[in-house]
Amino acid sequence: MSQDQELQKLKTDMLGAIESAPDSAALESLRTQALGKKGKLTEMMKSLGKMEAQARKEMGARLNEIKTVLAKAIEARGRVLGAAALNEKLLHEHIDVTLSVRPQDQGRIHPITQTTDEIVTIFASMGFKVAKGPEIETDWNNFTALNLPPDHPARQMQDTFYMPQKGDEPTVLRTHTSPVQIRTMMNQKPPIRIIAPGRTYRCDYDMTHTPMFHQFEGLVIDEKTNMGHLKGCLLDFMRAFFGIDDLPLRFRPSYFPFTEPSAEVDIGCSRKDGKLTLGNHGNWLEVAGCGMVNAKVLKNCGIDPDKYQGFAFGTGIERLAMLKYGIPDLRTFFEADMRWLKHYGFVPLDIPNPALTAAD
Ligand code: PHE
């Protein structure tokens, strides 16, 4: 066999072996054989020194070419073997990332918590931030700053629990979440866009009133905010919250000392055979109070009413929960009856997702 034939044979043999290497270990030993320091090609390279110049040049080029071909073949086979090994692994190695459902027979989410979460989620999607205030509030924040001076008759409609005086300041259990408006405007520069859910107190107790109840307040202050924004905001919210796309809203002129003009908000319903159904049915049900923030209130908080204006609204959370989830008696919310909670409460895994409705 001529040297050339010998080289050709070496090349085809090696290529054959490389292409059929069963695994990466076999391939690795072929690499050493072919290209390693003690490999055949390296041996032949070493003998080049003894050759004539012309023959050395030709032989050197030939050997290098074979080296390149073999190296490429090894690399290609390596890729194939690597992919096969990965597939094999994927096929046989399983990790179970599911967690078995936790027992749900204990504990419930109270409808007030659930409803508050839903309300906050919807307003958050409209860019509102949550604001909070204390339940024991100064008389000034709860009444006076909201344009309800000490002798104002509207104070009587919100008769509350009067707390011991703190220094010069009389304090009360807040009768509404509106003092959070004052706190926010005193501490924050416009633009303002907040939602303030929380507990409120009044001296009432019957089917639709408990001495402690929940409200949420909304406040938006900016340079060009108008009544149209107020209407659009509440319309979007009510439709998202109740999940009724064509729920109509009616804004009825009303009076609140802290808004001017003021309105009461009704949603559409029917009352056929004593059964209340929400929707576009020709009848109306009151659900919220609202209006454009009174310029006097803005001034009381150090905001220039010639530059800024805005709107506010307030709603009872229990009322919304009762309407949405068909709970007939307000008092039952706070009786801590486990049977009631089991019936009307929520388990974490079946929380209806208000965010989806809001995003529609
Ligand atoms: N605070 C009022 C109430 O409790 C509701 C309200 C809030 C009205 C904001 C107008 C603006 O009845």
Side-chain angles (χ1 to χ4, degrees), residues 116 119 123 128 130-135 137-149 152-161 172-186 192-204 208-222 225-235 237-238 249-267 285-298 300-301 303 305 308-320 330:
T116 307
I119 292 166
F123 279 106
F128 283 72
V130 173
K132 283 194 172 150
E135 289 162 38
E137 189 50 283
T138 62
D139 183 274
W140 199 81
N141 281 343
N142 193 81
F143 293 124
T144 315
L146 286 161
N147 197 29
L148 277 135
H152 199 289
R155 279 200 179 204
Q156 240 155 46
M157 290 167 52
Q158 301 194 358
D159 200 13
T160 181
F161 302 86
V172 297
L173 287 184
R174 66 178 180 187
T175 58
H176 49 180
T177 41
S178 301
V180 186
Q181 285 188 40
I182 303 300
R183 289 179 170 272
T184 309
M185 288 190 280
M186 303 274 282
I192 291 170
R193 204 185 283 193
I194 55 122
I195 189 87
R199 273 193 275 273
T200 48
Y201 302 82
R202 289 184 202 176
C203 297
D204 282 324
T208 50
H209 297 90
T210 49
M212 189 280 299
F213 58 104
H214 297 74
Q215 286 192 335
F216 69 91
E217 192 83 7
L219 175 71
V220 173
I221 306 283
D222 212 332
T225 309
N226 62 44
M227 193 112 185
H229 296 134
L230 163 63
K231 292 175 90 172
C233 175
L234 286 180
L235 185 72
F237 166 72
M238 293 296 173
L249 255 66
R250 181 171 77 172
F251 289 76
R252 223 168 355 95
S254 182
Y255 173 76
F256 298 102
F258 33 93
T259 44
E260 176 63 39
S262 304
E264 242 137 355
V265 185
D266 300 338
I267 53 176
L285 181 75
E286 184 192 319
V287 286
C290 68
M292 299 306 290
V293 177
N294 193 316
K296 285 189 193 155
V297 176
L298 292 174
N300 287 342
C301 301
I303 291 180
Y308 294 106
Q309 52 185 335
F311 61 81
F313 51 84
T315 297
I317 296 180
E318 286 80 359
R319 154 148 298 197
L320 294 191
L330 173 65

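Ligands are counted one by one from 1 in listed order, and the atoms in each one are counted from 1 as well. As the structure is a prediction and not an experimental result, all values here were calculated from the model.
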* Asked: Does ligand 1 have an atom that lies less than 4.0 angstrom from a heavy atom of Phe311?
  -> no
* **Pairs meeting criterion salt bridge (Lys or Arg N to Asp or Glu O under 4.0 Å) with involvement of residues 254-264, two or more places apart** => Arg252-Glu264
Please check whether [X] reaches ligand 1 - meaning an N/O of the residue sits under 3.5 Å from an N/O of the ligand, judged on distance alone.
X	result
Gln181	no
Thr259	no
Thr175	no
Gln215	yes

* Apply salt bridge (Lys or Arg N to Asp or Glu O under 4.0 Å) to the pair Glu135 and Arg199, showing each step before the final yes or no. => CA-CA 7 Å; Glu135 289 162 38; Arg199 273 193 275 273; 3.4 Å; yes
* If you measure from each non-hydrogen atom of Arg202 to ligand 1, which part falls under 4.0 Å: side chain, backbone, both or neither? -> side chain
* Which one holds for Ser178 and ligand 1: side chain close, backbone close, both close, or neither close, with close meaning a heavy atom under 4.0 Å? -> side chain
* Asked: Going by atom types only, do Gln309 and Thr225 share a side-chain donor-acceptor pair under 3.5 Å?
  -> no
Would you check if the distance from the ring center of [X] to the ring center of [Y] is below 6.0 Å?
X	Y	value
His214	Tyr201	no
Phe216	Phe237	yes
Phe313	Phe123	yes

* Contact atoms of ligand 1, heavy-atom distance to Gly314 under 4.0 Å -> 6 (C), 7 (C), 9 (C)
* Structure fact -> The atoms of ligand 1 lying under 4.0 Å from a heavy atom of Cys290, numbered in the order shown, are 8 (C), 10 (C), 11 (C)
* Report the C-alpha distance between Ile192 and Thr184 in whole Å, list the side-chain angles of each, state the deciding distance to 0.1 Å, and finish with yes or no for side-chain contact (heavy atoms from CB on, under 4.5 Å). => CA-CA 8 Å; Ile192 291 170; Thr184 309; 3.9 Å; yes
* Asked: Between Glu286 and Arg319, is there a side-chain N and carboxylate O pair less than 4.0 Å apart?
  -> no
* To do: If you have a sec, work out which protein heavy atom is nearest atom 9 (C) of ligand 1 and how many Å separate them, to one decimal?
  => Glu217 OE2, 3.3 Å
* So which protein heavy atom does atom 2 (C) of ligand 1 come closest to, and at what separation? -> Phe258 CZ, 3.7 Å
